[in-house]
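Contents: one structure, followed by commentary.
In the text below, chain A, chain B and the rest are named by the order of the sequence lines, each starting its count at 1.
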Amino acid sequence: MEKLILIDGNNIIYRAFFAMPPLTNTAGQQTNAVYGFTTMLLRLIEEHKPTHMIVAFDAGKVTFRHEGYQEYKGGREKTPPELSEQFPMLKELLRELGVPQFEIASYEADDIIGTISRQADEAGRQVMIVSGDKDMLQLASEHTTVALIRKGVTDIELYGPEQIREKYNLTPLQIIDLKGLMGDASDNIPGVPGVGEKTALKLLHQFGSVEAVLAGTGELKGKMKEKLEAHADDAVMSKKLATIYREVPLEHSWEDMVFSEIKADTAGPAFAKLEFRSLLERLSLSAYAPAVAGEETEAELEAAALDITIVGTAELDELIAALPGISALHVESNGDNPHRAEVIGLGLSSPERHYFVPFALLQTPEAAKLREWLGDEKAPKSGYDLHRADLALHWQGIAFAGAANDVQLAAYLLDPTEANQNLNDLNAKYGLPRLSADEEIFSKGAKYKIPDLEVLGNHVARKSATVLGIVQKQEQELIETAMTGLFVDLEMPLSRILADMEKQGIAVNKEELKELGKELEEQISKLVTGIYETCGVEFNLNSPKQLGEILFVKLGLPVVKKTKTGYSTDAEVLEKLAPYHDAVRLILQYRTLAKLQSTYVEGLLKEISPQTGKVHTFYRQTIAATGRLSSQFPNLQNIPIRLEEGRKIRKVFVPSEPGWSILAADYSQIELRVLAHISDDENLKEAFLNDMDIHTKTAMDVFGVSSEQVDSNMRRSAKAVNFGIVYGISDYGLSQNLNIPRKEAARFIEQYFEVFKGVRRYMDDIVLEARKNGYVTTMLERRRYLPEINAKNFNLRSFAERTAMNTPIQGTAADIIKLAMVHMDKALFERGLKSRMLLQVHDELVFEVPGDELELMKKLLPEVMEGALALSVPLKAEVSFGSNWYEAK
DNA sequence: GCGCTCACG
DNA sequence: ACGTACGTGAGCGCT
C-alpha cells in the first residue's frame, strides 16, 4: 500500500528549535533544530513506513521567520542566527538521507502541501500531513490524515474528518469558515473582532458557513449582529486568507516523491559530521562515528587545506605574476571610521592560490606593480566592503579602482534588514567553511592587537578566499530575486561615487563655527543660571533622571508620560508643562541650544580633518532597510534646518575654492509623487500633473472646500494626513501627531480614502502582497522581507503592515535619487565639468561649483534629477545656490 | 551597552 | 482587546 507523508519543513524546524535544548557540535555550530527535526523524521519513518515523502519549505530564504515567534522570548524580532544557520544544514542532511524536498518560488510550504494532497486525494492515495499548524486541518479527507504536532516534536495528534467532527462538530472545510470568523493572529487573519472560538462555533453550527452567517444576520440581534455586519468584509477576506492554495504549478511527479529508505552511505558521514552519535547508533551506522572526540571537522580540514602564501619581498614577484588570475581581495583595516582607519594588510585570492601582503610591504617601491593593479579599474575585484577599502587605502596614498562585486552590498540587497552580515555570517548562510571570528584574532575594542604574521596572514587570506565562494552563490540569488540590474547598474556604480564624494569632503569654516560656539555658550550659561534660580536647586540638566526628579517630585508638576525607567521629560511633555512653571520654557530653550552646541558645534569641530580642513562623512550603503543611505562620522544628513537658530549651522559649510558656490537641489514631494505613480490614483496624479500644492489640494478634498477656503490649520492637518499616508497610516498615530481625538483622526483618514480611492486600494493590495510573498519591492525591484506580516503579536504585525505600505514609497524615492546620482556623475564626467557632488540628504543633492559653471549646473542638475526615472506624474527638483549651504535655500 | 532625547528626510 | 506613526545617527547619563 502506497503512503505519502508531507512535512511542513519550516514549521517543524522552528518547533524543533524552540523545543530542543541548545546542542552544539565541536565546530561551534548549533544543531538542535536539525537534531529535533531528524528524530521526528526517523520516528515517522519507523512508525508509518511511507513509500513516498516530501519535506516542503517556504521559498525565499527568510519566509520561515514568521513562524513560531510566540514560543520565543517575548519581543525578540529576528530569527536567531542560531536557527537560520540550521536551514542549510537541514536541507543538506535531507539530501544525504534521500528525503525529497520541494520549494517553489513565492509559494509557502502549506500551499505546496495543499496542492500535493489534493492531487493525491484525487488519485485516492493515502496521505499524512505533518505540521504544527491547525490550518492544515482543512486538508483532512477520507484519504488524508493531519498529524498535528503539539508541544515539542514527539507529541502528535492525528486528525481525520471524524476526529475534527468529534472535536469541533465541523467538516474539514468548515475549519476555513471557523478561521474566517474567529481569525487567527498567528496567520494574521483578522476575523470578526469580538468573535472567538466559542461564538464562531455556535454561529457555524447554526448557519454552516461564513457566507450563510452574513446572509442570516437578520436572525441575530444586539452587539453580535452589529459586529458581524460591520465586519462582513473582514470575515470574507479572512476566510479567503485562511484558505490554503491548492493549485500551485507543480512540475514534480509522483516518482519524484519516492522514498525507499535512509541512504546509509551518505547518511552515515552526514550524521558523523553533525556529531549525532545517538542517531548513528539508532541506525546502526556507528562505523561512521568519528574516532576521536574533538577531531577537526570537515569544514576546518577543508579550510586548513588552502594554499596560502604570506608574501615577503622574496615572494612579491610570484604574486605580481599571479595578479591577472586574482579576482578577490580583502583589505584588513582597523577602526570604524574608514577615513582614519589603519590598514593592516591585504588578502588576495585566485581560485587556486591565496596571498597575504602586510601593509608595510605594499608601501615599498618593490610593490609598485601591485599598487598599480589595485588602482587599475580594468582589473575587476570582488571583496567585502570595497567602499571602506577604497577610503582606507586612499588616505594611505594608495588608489583603488575596479570594484566589480561587493559581497557586503549584494548581501544587503538580498536582505536589507539583516544587520550588516559579516563574512562569517555569509559563510554560514551559504554553507562555506567557517572563518575564525575577528574578535578571536584581534580581540575587541580597546584590546585590539595585531597577531603574529602567520595567524594574521592566514586569517586575512581566508577572507579573500571565501569571497570567491560567496560571489558565486550570490550571483545566482540575485538573478532569482531579479536584483542583478539593481546591483550591477546602480549600487555598485554608486558605491564608487560615494567614495569620491567622501574623499572630496565639504569645507567647514572653523573660525565661524567656533564663534557660533561662543555665542551659544553665553546663551546657555545664562539659561542654566536662570533655571537653577527658578528651580531653587542646582542639578545636572543633561540628566533626564535628575530633571524628572526636580520637575515631578520637587516642583510637583503633573506627570504626563512615563518611560520604562521613569518620568518622560521630552519636548512634547515639556510643552504641556510650560504653563505650570517658568523653568520649563527655559529648559526647552536649554535643550535646543545644548543640542546645537554638543552635537553640531563641538561634534563637527572634532570631525574637521587637520589635513584638508573639511569634514569627510562616510555614507553607509548597507544600513537602511528601505534602500536609503545613512551618514556617519559626522552625520551630514541631519544638520539643523527647521529652526532658525539651528539653521545657522549651515553657514559654516562653504565651497572649498574661492569663487565657487554651493549649489543644492531637492526633490519636491518625491514620496507623494511616487505614491501617485504606484497607486495609480487618478486624483493624486491629477494634482501633480497640474503641479498643485499637494497639502492644500488634500485639504480641499478632505474638508470638501474650495482652495480659498483652506485655512492654515486645515492645510496643517492635511499635511499630517499626507505624512501619515506615506508612513502607513493609523488613526492613533495621526491623532498623536495632530493632538486630536482618535475618532476625529479616523474620520480624516476615512475622508481621505473616499477621495483618494486608488491610494486605499494600494494600501490594501500591498499588505496582501506582503502576506502572499513575504516581501515587498520598490520600482527598481529592491526587496524587503516582512516576516512579521504574519506575527501573532498585534504590534509586530501592525508594524509590518505599515512597513509594507511605506517601504515601496520610501524605497522607490531612494532608488530615484540614487539613479540621479549615477546619471549626474556621468554627466559631469562626459562634459568635463569641475563641479563636484558633495552631499546627499535623501531628497537633496549638494554640489560645489565654479563660478563659470553655475549657470549650466542650475539647469543641468534639476534636469537630471527630474529625468532620473519616468513616472506617470512629473518629478520636480528645485534648485538654489549661495556662498554657503545656508544661503542655498 | 542601553535608554532617552533630539537632529534630519 | 491589543497600542504606533516611516527611515536614520549622535551625545549624554547611567549601570
B:dC4 OP1/OP2 closer than 4.0 Å to side-chain N/O of A:T563: yes
Tell me which nucleotide among B:dA7, B:dT5, C:dC6 gets nearest to the side chain of A:R591. B:dT5
Do other residues, nucleotides or ligands put more than 12 heavy atoms under 6.0 Å from A:K202 NZ? no
Output yes when at least one side-chain N/O atom of A:R802 is less than 4.0 Å from OP1 or OP2 of C:dG7, else no. no
Below the 4.0 Å mark, does B:dC4 have OP1 or OP2 next to a side-chain nitrogen or oxygen of A:T565? yes
Just checking A:I641: base, sugar-phosphate only, or nothing, at a heavy-atom cut-off of under 4.0 Å? sugar-phosphate
For A:Y727 and C:dC6, are the ring centres under 5.5 Å apart with planes inclined under 30°? yes
Salt bridge (Lys or Arg N to Asp or Glu O under 4.0 Å) pairs, two or more places apart, involving residues 632-645 of chain A: A:E644-A:K648
Between C:dT4 atom P and A:M805 atom CE, what is the distance in whole Å? 17 Å
What class does the angle between the rings of A:F442 and A:Y448 fall in, given that below 30° is parallel, 30 to 60° is tilted and above 60° is perpendicular? parallel
When you measure from the side chain of A:S631 to the backbone of A:Y619, do you find a donor-acceptor pair of N or O atoms at a distance under 3.5 Å? no
With sequence neighbours excluded, tell me which residues meet side chain to side chain contact (heavy atoms under 4.5 Å, CB included) with A:R802. A:S798, A:F799
Calculate the interatomic distance between A:L629 atom CG and B:dC8 atom C1'; express it in whole Å. 14 Å
Under 4.0 Å between any heavy atoms, over every strand shown, what does A:T807 touch: base, sugar-phosphate, or nothing? Just pick one. nothing
Reckon A:R742 has a side-chain N or O less than 4.0 Å from the OP1 or OP2 of C:dT4? no
Is there a donor on the side chain of A:R620 or the base of C:dG9 sitting less than 3.5 Å from an acceptor on the other? no
What orientation do A:H616 and A:H339 show, parallel under 30°, tilted 30 to 60°, or perpendicular over 60°? tilted
Sequence-distant partners of A:N722, side-chain hydrogen bond (donor to acceptor under 3.5 Å, both in side chains), two or more places apart: A:H695, A:T698
With no hydrogens and no angle check, just 3.5 Å: does a side-chain donor-acceptor pair link A:Y775 and A:D415? no
Just to be sure I understand the rule, does A:A594 reach a base, reach only the sugar-phosphate, or reach nothing, if contact means heavy atoms closer than 4.0 Å? nothing
NA contact type, A:V726, heavy-atom cut-off 4.0 Å: base, sugar-phosphate, or nothing? nothing
Contact class for A:D843 (heavy atom, under 4.0 Å): base, sugar-phosphate, or nothing? sugar-phosphate
Between the base of C:dT4 and the side chain of A:S730, is there any donor-acceptor pair under 3.5 Å? yes
Between C:dG7 atom P and A:R782 atom CZ, what is the distance in whole Å? 15 Å
Show me, range against range, the stems involving DNA chain C, built from at least 3 consecutive Watson-Crick or G-U pairs below 3.5 Å. B:1-9 with C:6-14
Base, sugar-phosphate or nothing for A:A745? Non-hydrogen atoms, less than 4.0 Å. nothing
Rounded to the nearest angstrom, tell me the gap between atom CG in A:L636 and atom P in B:dG9. 13 Å
Distance check needed: B:dT5 P versus A:L547 CG, whole Å only. 9 Å
Output one letter per nucleotide in nucleotides 10-15 of chain C: B when a protein non-hydrogen atom lies under 4.0 Å from the base, S when only the sugar-phosphate is that close, - when neither is. BSSSSS
Regarding A:R783 and A:E781, does a basic nitrogen lie under 4.0 Å from an acidic carboxylate oxygen? no
Using a heavy-atom cut-off of 4.0 Å across all strands, would you classify A:R647 as base, sugar-phosphate, or nothing? nothing
Lys/Arg-Asp/Glu bridge criterion (N-O < 4.0 Å) met for A:K561, A:E572: yes
Rounding to an integer number of Å, can you tell me how far A:Q810 CD sits from C:dA5 P? 15 Å
Salt bridge (Lys or Arg N to Asp or Glu O under 4.0 Å): which pairs involve residues 584-595 of chain A, sequence neighbours left out? A:E575-A:R585
